[in-house]
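Every heavy atom of this structure was used, including side-chain atoms; hydrogens, water molecules and symmetry mates were not.
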Amino acid sequence: SNPWPGLCGTGKGADAFTSGFEGPWTTTPTSWSNQYFHNLLIPHGWVVHKGPGGHNQWRVNGSTPVAPGPAGNGTQNIMMLTSDIALLTDPSFLSLVKTYAADQERFGNDFAHAWYKLV
């Protein structure tokens, strides 16, 4: 059903209406860190699969880090989208991924400067 007329309850947890891409990128999705970049570089790599929303997304090839579940109970595996995995295929973007994985202060500083320009 169409959620836009305001018929989706609280809009949280089980009432959430999403794009169909489901899952967190990090094990601490509500905390600021450079873990996203560490996760992209997981040694076992990533494999494509059909996510819970019915769309292709990526999961760790092997055992995966987990994050808290969206309703505050249980856990869920981390995931990536194809646009995230694409950062690993271009040498210039891969260099940034490695730099930011190794240096959270640099990531924070570069992000702050980019955000300032954006707003």
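- To the nearest 0.5 Å, atom CG of residue Leu118 and atom NE2 of residue His113 are 14.5 Å apart.
- From Asn34, atom CG reaches atom CZ of Phe111 across 13.0 Å, with rounding to the nearest 0.5 Å.
- Taking His38 as the reference, nothing meets the ring pair (Phe, Tyr, Trp, His ring centres under 6.0 Å) condition, with sequence neighbours excluded.
- Screening residues 59-89 for ring pair (Phe, Tyr, Trp, His ring centres under 6.0 Å), with sequence neighbours left out, gives no hits.
- Scored by the side chain to side chain donor-acceptor pair (under 3.5 Å) test, Thr26 finds no partners at all (sequence neighbours excluded).
- Qualifying ring pair (Phe, Tyr, Trp, His ring centres under 6.0 Å) partners for Phe93, counting only residues two or more places apart in sequence or in other chains: none.
- Remark: His49 pairs with Gln57, Arg59 by the side-chain contact (heavy atoms from CB on, under 4.5 Å) rule, at least two apart or across chains.
- Across every non-hydrogen atom of Lys50 and Asn56, the tightest pair is NZ-OD1, 3.8 Å.
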Expected list for residues 97-104: side-chain donor-acceptor pairs under 3.5 angstrom, two or more places apart:
residue: Thr99; atom: OG1; partner: Ser95; partner atom: O; Å: 2.9
residue: Tyr100; atom: OH; partner: Asp110; partner atom: OD2; Å: 2.7
residue: Asp103; atom: OD1; partner: Glu105; partner atom: N; Å: 3.2
residue: Asp103; atom: OD1; partner: Arg106; partner atom: N; Å: 3.0

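- With His55 contributing its side chain and Gly51 its backbone, the two residues share no donor-acceptor pair below 3.5 Å.
- Side-chain contact between Trp46 and Val60: present, with at least one pair of heavy atoms (C-beta onward) separated by less than 4.5 Å.
- The structure places CZ of Phe107 at 3.5 Å from CH2 of Trp32, a figure rounded to the nearest 0.5 Å.
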Residues 70-89, side-chain donor-acceptor partners within the protein, below 3.5 Å, at least two apart:
residue: Gln76; atom: NE2; partner: Pro68; partner atom: O; Å: 3.3
residue: Thr82; atom: OG1; partner: Trp58; partner atom: NE1; Å: 3.0
residue: Asp84; atom: OD1; partner: Tyr36; partner atom: OH; Å: 2.6
residue: Asp84; atom: OD2; partner: Trp25; partner atom: NE1; Å: 2.7
residue: Asp84; atom: OD2; partner: Leu81; partner atom: N; Å: 2.8
residue: Thr89; atom: OG1; partner: Ala86; partner atom: O; Å: 2.8

